[in-house]
Engineer: 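Below you will find the structure I want to go over with you.
As the structure is a prediction and not an experimental result, all values here were calculated from the model. In what follows, every chain begins at residue 1, and chains take the letters A, B, ... in the order their sequences are listed.
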Protein chains: 2
Amino acid sequence: MKRRPKTITIQDVARKAGVSVSTVSRVLNWKSDVSEETIEKVRAIVRELGYASSLAARGMRSHRTNVIGLIMPDVASPYGHEVMRGVNRAIANLDKDLLIYTSGSWEKEDIDYYERSYVMLLNGGITDGAIVVTPTSTHFRTHAPLVIIDPNTETPDFPAVISTNREGAFAAMNYLTGLGHRRIGFITGRLILASANQRLQGYKDGLAAAGIPLDEELIAIGDYSTEVGITCARRLLSLADRPTAIFAANDMSAMGVYQAARELGLHIPRDVSVIGFDNLREAVYLNPPLTTVDQFLEKTGMVATEMLVKLAAGEPLSLENNLYTIPTQLVIRDSCARPLPCAG
Amino acid sequence: MKRRPKTITIQDVARKAGVSVSTVSRVLNWKSDVSEETIEKVRAIVRELGYASSLAARGMRSHRTNVIGLIMPDVASPYGHEVMRGVNRAIANLDKDLLIYTSGSWEKEDIDYYERSYVMLLNGGITDGAIVVTPTSTHFRTHAPLVIIDPNTETPDFPAVISTNREGAFAAMNYLTGLGHRRIGFITGRLILASANQRLQGYKDGLAAAGIPLDEELIAIGDYSTEVGITCARRLLSLADRPTAIFAANDMSAMGVYQAARELGLHIPRDVSVIGFDNLREAVYLNPPLTTVDQFLEKTGMVATEMLVKLAAGEPLSLENNLYTIPTQLVIRDSCARPLPCAG
DNA sequence: CTGTTAGCGCGTTCAA
DNA sequence: TTGAACGCGCTAACAG
């Protein structure tokens with residue numbers, strides 16, 4: 001069973017080169033006080049053996065690995081992908097690598113999933129710091145640099161990047177009411193998350209600003225997924241007094257609305273207007289192209305990375321309240337129209 | 001500067017619980033020979049302190065972490081995302097976590113980028129094994145389980161998952177020639193990769209099967225990116241004797257053809273037929289929806305994960321030639337038509 | 001049942 | 001310029 005080539009350690013290199021381990025270590029770390037001759041010899045052996053120092057052992061000692069950590073609930077969602085794109089892009093220009101940690105599903109997280117994962121990565125210093133995406137808790141305990149994307153509190157313990165969720169939702173509502181809509185359905189996000197609540201607040205504020213009374217029946221509890229979005233939309237669109245527009249808390253849910261509308265033979269935007277939130281890559285391809293609130297996720301990832309790199313380099317950030325805010329922006333496409341005069 | 005709460009180690013827990021480190025370790029690893037009372041006490045402290053064992057140290061000792069490694073050239077490409085989706089999905093059902101390692105760009109890879117990265121992860125056992133995506137080299141030296149996706153050789157040293165690249169390209173060509181096309185342009189992939197060469201071969205074989213002589217002018221050297229795809233398509237579509245169809249080695253390049261065609265005022269599929277390879281999520285959204293060869297990337301990721309998990313559990317795989325083949329399949333949508341009678 | 005001891009593979013002193 | 005000794009946080013073997 002153990003017949004395969006055994007893991008190669010720095011010792012193997014040292015032995016084969018006829019020097020001590022510390023000499024090899026110095027060669028690898030570009031220390032200056034080694035003879036040319038030895039350097040050559042060692043490098044040759046290193047190449048020959050295909051040796052590379054273990055991240056684990058190296059990080060544990062030197063407390064510096066040039067690796068950035070990214071901790072995500074899952075790595076399959078379009079949301080996550082956008083953030084990853086940004087981080088990836090930032091990292092690509094740097095002399096650093098990226099390590100993404102995930103359990104593959106936010107359903108698997110118990111309360112302190114994040115606590116555990118970030119600690120596992122950072123303790124012993126596998127990474128020089130980490131970006132944590134949409135943590136439910138914010139009570140991290142570490143000395144290593146940490147940047148949070150979309151934290152669940154307005155006063156996070158660590159530097160964080162946030163979007164203007166409430167304002168973005170408010171802008172979407174203004175657009176809808178400006179178009180003449182008065183019965184507007186809302187599909188919420190995962191209400192454990194602050195972002196979901198802020199968007200809900202934006203919805204309510206938008207209603208209030210237009211003098212429209214809140215009708216609880218028009219609020220459907222979603223979870224940011226397309227599947228539940230479909231269910232929510234079905235209910236909303238089957239109401240006796242059907243809404244003339246639906247505001248989905250994210251684009252994935254909005255795609256659910258598209259699906260439900262198709263099932264019910266409803267045309268978008270003629271029979272029902274739809275507006276989303278996120279501006280995923282897919283939004284522009286939908287039929288009709290989706291009007292939505294852009295929250296610049298890719299930029300969010302880039303900014304978070306830059307912040308983390310600064311932090312890891314020991315530079316200060318000087319942010320107010322630890323918060324870097326990325327303003328949202330309404331992107332108008334073809335999924336909204338004035339309500340039919342006969343309706344309502 | 002060092003005022004933040006210091007990293008919490010198993011020692012802190014032991015001290016506060018009034019027991020030894022090894023006792024804590026046993027509690028954490030569910031060893032049976034600990035008294036109920038001690039277990040309670042230790043667990044309480046662990047929660048209170050928010051302690052989690054460091055992946056680095058743990059892996060180094062126990063050589064088992066329940067973490068799967070995934071090594072990718074970059075994490076931003078749709079190709080990579082599809083694979084990740086598959087791996088993520090497989091992992092979500094398992095009691096394992098996922099660690100993705102990337103340098104953010106395949107341009108940054110020197111020859112042995114992969115050698116280094118896999119060793120760094122595996123040595124010292126941060127992960128229990130790894131999936132390596134499109135490595136240019138296949139000479140890995142490790143005792144840990146490894147599964148390769150799209151290896152660069154037909155006889156890899158490790159279990160690998162591959163697609164029928166040549167056959168898929170051949171099918172695409174048959175479709176095109178069956179439609180009556182005789183001048184068919186081809187945009188290659190990154191020719192360092194085996195997949196790119198196999199698809200090129202499929203193109204040539206398809207030409208031969210239809211009795212069409214090969215015209216080197218109709219082959220443009222791409223690199224799987226949209227940007228270069230645009231450049232290639234511009235040249236192809238500006239030819240005096242313009243091709244009536246273009247076969248792009250992947251969907252990203254095909255999107256470049258869409259762009260170039262638009263620039264030149266050419267209509268797809270009336271003026272030029274386009275066919276891709278991959279069947280990315282985006283393909284169906286394009287206008288017109290892209291006819292392409294599906295290579296089931298998500299499934300590829302899932303299969304690779306399942307193979308790796310088996311390997312890590314010590315079970316044999318019994319694959320012929322170490323190869324698991326996923327057959328490609330032509331997906332016909334609306335981007336191809338018969339060539340205009342006047343053309344050619 | 002629990003504590004003590006010995007490393008895992010590496011980087012970092014400090015003498016030589 | 002080099003090498004031996006030590007420590008990182010943790011687990012496994014062996015005592016008690």
Side-chain angles (χ1 to χ4, degrees), chain A residues 2 6-15 17-42 46 49 51-67 116 119-128 142-144, chain B residues 6-42 46 49 51-67 116 119-128 142-144:
Chain A
K2 294 283 180 189
K6 185 75 184 72
T7 302
I8 296 158
T9 80
I10 198 174
Q11 317 232 29
D12 301 318
V13 179
R15 194 175 318 124
V19 297
S20 78
V21 276
S22 64
T23 304
V24 177
S25 172
R26 273 194 301 263
V27 172
L28 261 34
N29 291 291
W30 304 98
K31 301 289 181 184
S32 50
D33 51 355
V34 188
S35 76
E36 270 302 327
E37 194 180 9
T38 333
I39 292 182
E40 288 300 328
K41 189 164 55 183
V42 170
V46 165
L49 259 40
Y51 166 81
S53 73
S54 137
L55 240 194
R58 181 154 40 99
M60 192 141 66
R61 277 302 297 161
S62 65
H63 287 221
R64 181 145 202 88
T65 55
N66 257 14
V67 177
R116 286 211 324 276
V119 177
M120 293 200 295
L121 275 157
L122 299 179
N123 280 10
I126 292 183
T127 62
D128 291 344
T142 181
H143 66 286
Chain B
K6 185 79 187 70
T7 300
I8 296 160
T9 79
I10 197 174
Q11 317 232 28
D12 301 317
V13 178
R15 193 175 320 123
K16 187 141 187 174
V19 296
S20 77
V21 273
S22 63
T23 302
V24 176
S25 172
R26 274 192 300 255
V27 170
L28 261 34
N29 292 293
W30 305 97
K31 303 289 181 185
S32 49
D33 51 355
V34 189
S35 77
E36 270 303 327
E37 194 181 9
T38 333
I39 292 182
E40 288 301 328
K41 188 166 53 185
V42 171
V46 165
L49 259 40
Y51 166 80
S53 72
S54 142
L55 237 196
R58 182 152 41 98
M60 191 143 72
R61 276 300 296 167
S62 65
H63 287 220
R64 181 145 202 89
T65 55
N66 257 13
V67 177
R116 287 208 325 276
V119 177
M120 290 200 298
L121 256 81
L122 298 180
N123 281 10
I126 292 184
T127 63
D128 292 343
T142 181
H143 65 285

Engineer: Please determine, for the side chain of B/Ser35, which listed nucleotide (D/dT1, C/dC1, D/dC10) has the closest atom?
Structural biologist: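 It is C/dC1.
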Engineer: Write down the distance between CZ (A/Arg26) and C1' (D/dG3), rounded to a whole number of angstrom.
Structural biologist: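 Whole-Å distance recorded here is 8 Å.
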Engineer: Taking atom P of D/dG9 as reference, at what distance in whole Å does atom CD1 of A/Ile126 sit?
Structural biologist: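 For the pair A/Ile126 CD1 and D/dG9 P, the rounded distance is 13 Å.
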Engineer: Minimum heavy-atom separation for B/Ser53 and B/Arg58, please, with both atom names.
Structural biologist: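 Taking every non-hydrogen atom into account, OG-NE, 2.7 Å.
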Engineer: Given side chains that start at C-beta, do those of A/Asn66 and A/Arg64 come closer than 4.5 Å, heavy atoms only?
Structural biologist: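 The answer is yes; the side chains approach within 4.5 Å.
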Engineer: Could you tell me the separation between the CD atom of A/Glu36 and the P atom of D/dT1, rounded to a whole number of Å?
Structural biologist: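 The distance from CD of A/Glu36 to P of D/dT1 comes to 10 Å, rounded to the nearest Å.
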Engineer: Looking at C/dC1, D/dT11, C/dC10, which one has an atom nearest to any side-chain atom of A/Ala57?
Structural biologist: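 Selected nucleotide (nearest to the side chain): C/dC10.
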Engineer: Look at all strands and tell whether A/Val21 reaches a base, only sugar-phosphate, or nothing, counting heavy atoms closer than 4.0 Å.
Structural biologist: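 It contacts nothing in the nucleic acid.
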Engineer: Would you kindly give the CD-to-P distance between B/Gln11 and C/dT5, to the nearest whole Å?
Structural biologist: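 Rounded to the whole Å, the gap is 14 Å.
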Engineer: Grab the CD1-P distance between B/Ile10 and D/dC8 for me, whole Å please.
Structural biologist: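 Rounded to whole Å, this separation is 14 Å.
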Engineer: Considering all heavy atoms of both residues, which atom of B/Leu28 and which atom of B/Tyr51 are nearest to each other, and what is their separation?
Structural biologist: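 Closest approach of B/Leu28 to B/Tyr51: CD2-CE2, 3.4 Å.
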Engineer: Base, sugar-phosphate, or nothing: which does A/Thr23 touch, judged by heavy atoms less than 4.0 Å apart?
Structural biologist: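 A/Thr23: backbone/sugar contact only, no base atoms under 4.0 Å.
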Engineer: What are the two closest non-hydrogen atoms of B/Thr65 and B/Ile126, and how far apart are they?
Structural biologist: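 Distance-wise, the nearest heavy atoms are OG1-O, 2.9 Å.
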Engineer: Check the phosphate of C/dT2 against B/Thr38, side-chain N and O only, distance under 4.0 Å to OP1 or OP2. Yes or no?
Structural biologist: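 For C/dT2, OP1/OP2 do have a side-chain N/O of B/Thr38 under 4.0 Å.
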Engineer: Taking atom P of C/dG3 as reference, at what distance in whole Å does atom CZ of B/Arg15 sit?
Structural biologist: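 Going from CZ in B/Arg15 over to P in C/dG3 covers 14 Å.
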Engineer: How close or far is atom C1' of C/dC8 from atom CZ of A/Arg58, stated in whole angstroms?
Structural biologist: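 About 17 Å, once rounded to whole Å.
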Engineer: Is the distance from OP1 or OP2 of D/dT11 to the nearest side-chain N or O of B/Lys31 less than 4.0 Å?
Structural biologist: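 No, outside the criterion.
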Engineer: Think A/Tyr51 has a side-chain N or O under 4.0 angstrom from the OP1 or OP2 of C/dG9?
Structural biologist: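 So the side-chain polar atoms of A/Tyr51 never come under 4.0 Å of the phosphate oxygens OP1 or OP2 of C/dG9.
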Engineer: Tell me whether the side-chain N/O atoms of B/Ser20 come closer than 4.0 Å to OP1 or OP2 in C/dG3.
Structural biologist: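 For C/dG3, OP1 or OP2 has a side-chain N or O of B/Ser20 closer than 4.0 Å.
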Engineer: May I ask you to evaluate whether B/Ser25 reaches the phosphate of D/dT11, defined as a side-chain N or O under 4.0 Å from OP1 or OP2?
Structural biologist: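 Checking D/dT11 against B/Ser25, a side-chain N or O does come within under 4.0 Å of OP1 or OP2.
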Engineer: To the nearest 0.5 Å, what is the distance between OG1 on B/Thr127 and CG on B/Leu55?
Structural biologist: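 Rounded to the nearest 0.5 Å, the OG1-CG separation comes to 9.5 Å.
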Engineer: Could you check whether A/Ser22 gets within reach of a base, just the sugar-phosphate, or nothing at all, counting any heavy atom under 4.0 Å?
Structural biologist: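 Touches a base.
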Engineer: Please state how far atom CZ in B/Arg61 lies from atom P in D/dC8, giving the value in whole angstrom units.
Structural biologist: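 It works out to 16 Å between those atoms.
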